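Remarks on the structure that follows.
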Amino acid sequence: MQRKVLVAGAQGVIGRAAAARLAARPDTQVLGLSRRTEPSIPNVEAVSVDLLDPGQVRDRLGGIRDVTHIVFGAYIEKQTAAEKSTVNVAILRNLLDVVEETSPGLRHVTFYQGGKAYGADLGPFKTPAREDDPRLMPPNFYYDQEDLLRERQKGKDWSFTALRPEAVCGFAVGNPMNLLTVIAVYAAISKELGIPLRFPGTEAAYRALYQVSSADILAEAADWAGTTPAARNEIFNITNGDYFRWQHMWPRIARMFNMDWADPIPMPLATYMADKGPLWDRMTERHGLQLIPYDKVASWPFGDFIFASGFDNISSTIKARQAGFHACIDTEDMFRNQFRHLSDLKVIPPVA
């Protein structure tokens, strides 16, 4: 095997796409690390491990040798920035402690940051955001993970690459930050109720410029970063490569579901979707959908966060292009293809 890759967080929207892509590559063995091992990923060896438990990491991974690459997509949600930093640095450190010891031929670590590196979660920020923009006030687990890697990498043969997506769109059960399933389930329930598809956020967010990152594009970037000298010890913004306004995209999404649409109404999804579990159960039975619990199929607070961001969110991808990464996708095509994929997987009812 030319590559032996550990994908941490393999059941998440980012890790699952990366594991699937890498496992399809020739001469590449992929081990998917996660606390749960279902649903399975083709050609990926699942390893159940709690990365927050150093003893368990050593017990479960200590016998795995000759790892050449790590793709680190694991994440633990916590209430405060300080708590997030503590636990998410710990899980990266725990993994490195074992892999560096057992696999002296380690060549590369890919990990993920995001818009929070620029303050996208705090309010309006400088756009287009560039990788060399100055840091914000800590704590920020993105910075702390990066600092850990920079310190441990000194004098060693392995390198790292940080990828910065925005609002990753893909599929993974129970992922807390997945815009695709938020929109898909909201649209399916609206259609079931016979009401038009309304943008549920603010007027400002409806009209602001926005961007997203296809999980497939991000997986391609992880594959590229692990084998490209120009990506060594660098940070890259990775998005679909285009920008849009919800006011123009929303009618197109409605048409993808064969629905009418209407003017936006600020409507907190966490409130108005809270009682829709019984309805979703009936829809699941009638359409023969996967038996995914309603509280796992979409994260309404995450949708509310995205749909309340009333300012432009734009990242420059020039640095990645200059380094040789040119993958892109039209976002409208991405939504259409991924909604159909969710329908084919029987996560949502059939779409138009």
Side-chain angles (χ1 to χ4, degrees), residues 9-24 39 41-42 73 112 114-115 163 165-192 197 199-201 210-223 238-246 248-259 261 269 273 280 283-284 287-290 292 296-300 302-303 305-307 313 317 327-352:
Q11 289 295 335
V13 63
I14 290 175
R16 188 173 181 84
R21 178 182 175 84
L22 290 165
I41 307 170
Y112 301 91
L163 304 179
E166 179 57 49
V168 179
C169 293
F171 172 65
V173 177
N175 186 269
M177 295 182 288
N178 190 349
L179 183 61
L180 182 77
T181 53
V182 167
I183 296 174
V185 176
Y186 171 60
I189 288 176
S190 296
K191 186 174 184 178
E192 182 74 11
L197 187 64
F199 181 76
Y210 198 60
Q211 60 185 353
V212 297
S213 300
S214 163
D216 294 332
I217 293 289
L218 197 55
E220 188 171 346
D223 189 2
I238 302 293
T239 68
N240 285 359
D242 61 0
Y243 312 110
F244 64 92
R245 301 181 198 275
W246 289 113
H248 304 309
M249 185 63 71
W250 206 254
R252 293 178 170 90
I253 290 175
R255 285 194 290 268
M256 294 172 197
F257 286 86
N258 195 24
M259 296 175 66
W261 66 92
L269 295 174
M273 303 304 288
W280 185 256
M283 292 169 63
T284 296
H287 294 286
L289 304 182
Q290 290 190 43
I292 303 173
K296 300 294 185 183
V297 75
S299 174
W300 306 117
F302 179 66
F305 167 73
I306 296 297
F307 297 143
N313 187 322
T317 57
C328 61
I329 186 172
D330 179 89
T331 294
E332 182 179 348
D333 289 342
M334 180 210 72
F335 277 128
R336 182 180 297 105
N337 293 338
Q338 291 194 352
F339 290 144
R340 287 173 177 167
H341 184 57
L342 290 181
S343 179
D344 290 343
L345 290 173
K346 294 190 176 298
V347 176
I348 60 173
V351 298

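Quick caveat, the model's predicted, so the values are computed rather than measured. Position 1 is the first residue of the sequence, and the numbers go up from there.
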Give me the atom names and distance for the closest heavy-atom approach of [X] to [Y].
X: Y112; Y: G73; result: CD1-CA, 3.9 Å
X: V212; Y: A167; result: CB-O, 3.5 Å
X: G12; Y: A172; result: C-CB, 3.4 Å
X: A17; Y: A219; result: O-CB, 3.5 Å
X: V13; Y: F171; result: CG2-N, 3.7 Å
X: L197; Y: W250; result: O-NE1, 3.3 Å

For the [atom1] atom of [X] and the [atom2] atom of [Y], what is their distance to the nearest 0.5 Å?
X: Q338; Y: T181; atom1: CD; atom2: OG1; value: 10.5 Å
X: H287; Y: W280; atom1: NE2; atom2: CH2; value: 8.5 Å
X: I306; Y: N313; atom1: CD1; atom2: CG; value: 8.0 Å
X: M273; Y: I189; atom1: CE; atom2: CD1; value: 3.5 Å
X: T331; Y: D333; atom1: OG1; atom2: CG; value: 9.0 Å

For the pair [X] (side chain) and [Y] (backbone), establish whether a donor and an acceptor sit closer than 3.5 Å, ignoring hydrogens and angles.
X: R16; Y: P39; value: yes
X: Q211; Y: G241; value: no
X: S343; Y: F339; value: no
X: S213; Y: I238; value: yes

Side chains of [X] and [Y] in contact at under 4.5 Å (non-hydrogen atoms):
X: V297; Y: Q290; result: no
X: R21; Y: D216; result: no
X: F335; Y: R252; result: no
X: F257; Y: I348; result: yes
X: E220; Y: S214; result: no
X: E332; Y: M256; result: yes
X: Y210; Y: E166; result: yes
X: L345; Y: H341; result: yes

Taking side chain to side chain contact (heavy atoms under 4.5 Å, CB included) as the criterion, tell me which of L180, L218, N178 meets it with V168.
L218
Assess the pair W300 and F302: is the distance between their ring centroids shorter than 6.0 Å?
no
What verdict does the side chain to side chain contact (heavy atoms under 4.5 Å, CB included) test give for F199 and I253, after you've listed the backbone C-alpha separation in whole Å, the side-chain angles of each residue and the deciding distance to 0.1 Å?
CA-CA 10 Å; F199 181 76; I253 290 175; over 6 Å; no
Report the C-alpha separation of L179 and F307 in whole Å, then their side-chain angles, then the decisive distance to 0.1 Å, and conclude whether the side chain to side chain contact (heavy atoms under 4.5 Å, CB included) test is met.
CA-CA 10 Å; L179 183 61; F307 297 143; 3.9 Å; yes
